[in-house]
Amino acid sequence: LLMMDVGGSMDPHAHLISQVFSAAKRASNIRDLRTFYFHNCIYGRLYETERFSDPVPVREVLDKYGPEYKLVLLGDASMHPAELLGSGDWDYYRGRHGEQKTGIQWMTMLADHYRKAAWLNPEPPTYWRGGTAEALAGVVRMFHLTLDGLGEAVRHLSGAQRSR
């Protein structure tokens, strides 16, 4: 499963993200690539298009795509701390799909469900310290979106041990 952050702070990385997405679609060793989109963090739903149409509840994704799938998140993990920790408007965070959880709780749920998970971040690792990226790296192993980082992520996802 490929879940991509689009819009806002990810706009400067749009070309790179498009290249990664195209390469993933062409890869012959990926049997079943499913893609979803989100903005900043996941709050109970994902989207089938980058225009945020066709929302899909996270629970439905978990039910449909079991723990044997590998989860790859792609984004800068940068947002206002309230978005991740949920001190803001609960209606925004839970939307129409019900469950009242913070962004980090949704991310933890995804990381706990999938045996193998990695986060590809286009920002340099020095930017991850002290903010929301550091908090998310504690939930999902984060890799820099470079050729070396991609290699590390692939080795991590291919390893015998569970990601978390």
Side-chain angles (χ1 to χ4, degrees), residues 1-79 83-84 92-99 101 103-123 128 132-133 136-137 139-159 162-164:
L1 297 174
L2 178 60
M3 298 180 184
M4 294 181 281
D5 179 6
V6 293
S9 61
M10 285 299 293
D11 286 346
H13 307 290
H15 181 70
L16 176 61
I17 302 311
S18 176
Q19 289 178 313
V20 170
F21 180 69
S22 294
K25 285 178 67 173
R26 288 191 314 267
S28 60
N29 60 337
I30 299 176
R31 289 182 308 223
D32 186 20
L33 177 65
R34 301 295 177 184
T35 57
F36 296 95
Y37 301 87
F38 64 94
H39 180 62
N40 286 350
C41 197
I42 296 169
Y43 313 105
R45 64 188 173 275
L46 294 154
Y47 298 89
E48 293 185 352
T49 72
E50 66 275 11
R51 290 177 203 83
F52 303 117
S53 59
D54 305 316
V56 180
V58 168
R59 292 274 183 198
E60 188 176 304
V61 172
L62 296 174
D63 289 343
K64 189 170 185 177
Y65 305 105
E68 70 280 1
Y69 276 79
K70 291 178 176 143
L71 173 62
V72 176
L73 294 143
L74 203 153
D76 62 5
S78 179
M79 65 204 77
E83 290 184 70
L84 186 62
Y92 173 77
Y93 295 109
R94 75 169 176 246
R96 296 187 190 113
H97 299 290
E99 289 183 69
K101 294 184 181 306
I104 201 151
Q105 288 171 323
W106 285 109
M107 301 308 286
T108 300
M109 180 188 301
L110 285 163
D112 286 346
H113 180 76
Y114 294 102
R115 292 182 196 118
K116 301 290 181 172
W119 190 300
L120 299 172
N121 191 327
E123 294 292 346
W128 306 350
T132 53
L136 285 166
V139 175
V140 177
R141 179 102 184 264
M142 201 168 284
F143 300 89
H144 191 199
L145 186 54
T146 61
L147 287 177
D148 287 341
L150 281 170
E152 291 175 39
V154 167
R155 283 188 293 281
H156 172 73
L157 291 169
S158 301
R162 188 173 175 89
S163 285
R164 284 187 36 112

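This structure is a prediction, so every number in the text was calculated from the model and none was measured.
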For the [atom1] atom of [X] and the [atom2] atom of [Y], what is their distance to the nearest 0.5 Å?
{"X": "Met79", "Y": "Cys41", "atom1": "CE", "atom2": "SG", "value": "4.5 Å"}
{"X": "Leu84", "Y": "Ile104", "atom1": "CG", "atom2": "CD1", "value": "4.5 Å"}
{"X": "Phe143", "Y": "His156", "atom1": "CZ", "atom2": "NE2", "value": "4.5 Å"}
{"X": "Lys116", "Y": "Ser158", "atom1": "NZ", "atom2": "OG", "value": "8.0 Å"}
{"X": "His144", "Y": "Glu152", "atom1": "NE2", "atom2": "CD", "value": "10.5 Å"}
{"X": "Leu157", "Y": "Tyr114", "atom1": "CG", "atom2": "OH", "value": "13.5 Å"}

Considering non-hydrogen atoms only, spot the tightest contact between [X] and [Y] and give its length.
{"X": "Ala77", "Y": "Met142", "answer": "CB-CE, 3.9 Å"}
{"X": "Ala118", "Y": "Val140", "answer": "C-CG1, 3.6 Å"}
{"X": "Ala133", "Y": "Asp76", "answer": "CB-O, 4.1 Å"}
{"X": "Phe38", "Y": "Phe52", "answer": "C-CE2, 3.6 Å"}

- Query: Is a donor on one side and an acceptor on the other found under 3.5 Å between the side chain of Trp119 and the backbone of Ala137?
  - Reply: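 No, because the side chain of Trp119 does not come within donor-acceptor range (under 3.5 Å) of the backbone of Ala137.
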- Message: I'd like to check Leu120 versus Leu73 (side-chain heavy atoms, cut-off strictly below 4.5 Å). Are they in contact?
- Response: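 A side-chain contact under 4.5 Å is absent here.
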- Query: Is there a side-chain contact between His39 and Asp5 (heavy atoms, below 4.5 Å)?
  - Reply: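 In contact.
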- Item | Proximity of Tyr37 and Tyr47 rings by center, below 6.0 Å |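 When the ring centroids of Tyr37 and Tyr47 are compared, they turn out to be at least 6.0 Å apart.
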- Message: If the test is side chain to side chain contact (heavy atoms under 4.5 Å, CB included), which one of Val72, Leu110, Leu74 qualifies with Met3?
- Response: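 Only one option passes, and that is Leu110.
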- Query: By side-chain hydrogen bond (donor to acceptor under 3.5 Å, both in side chains), which residues pair with Glu123, not counting sequence neighbours?
  - Reply: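 Listed in chain order: His13.
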- Task: Could you tell me which residues satisfy ring-ring contact (aromatic ring centres under 6.0 Å, His included) with Tyr65, sequence neighbours excluded, listed by chain and number?
- Result: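 Tyr65: ring-ring contact (aromatic ring centres under 6.0 Å, His included) contacts with Tyr69.
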Which donor-acceptor pairs under 3.5 Å do the side chains of residues 53-64 make with protein atoms, sequence neighbours left out?
from	atom 1	to	atom 2	distance (Å)
Ser53	OG	Thr49	OG1	2.7
Arg59	NE	Glu99	OE2	2.7
Arg59	NH2	Glu99	OE1	2.9

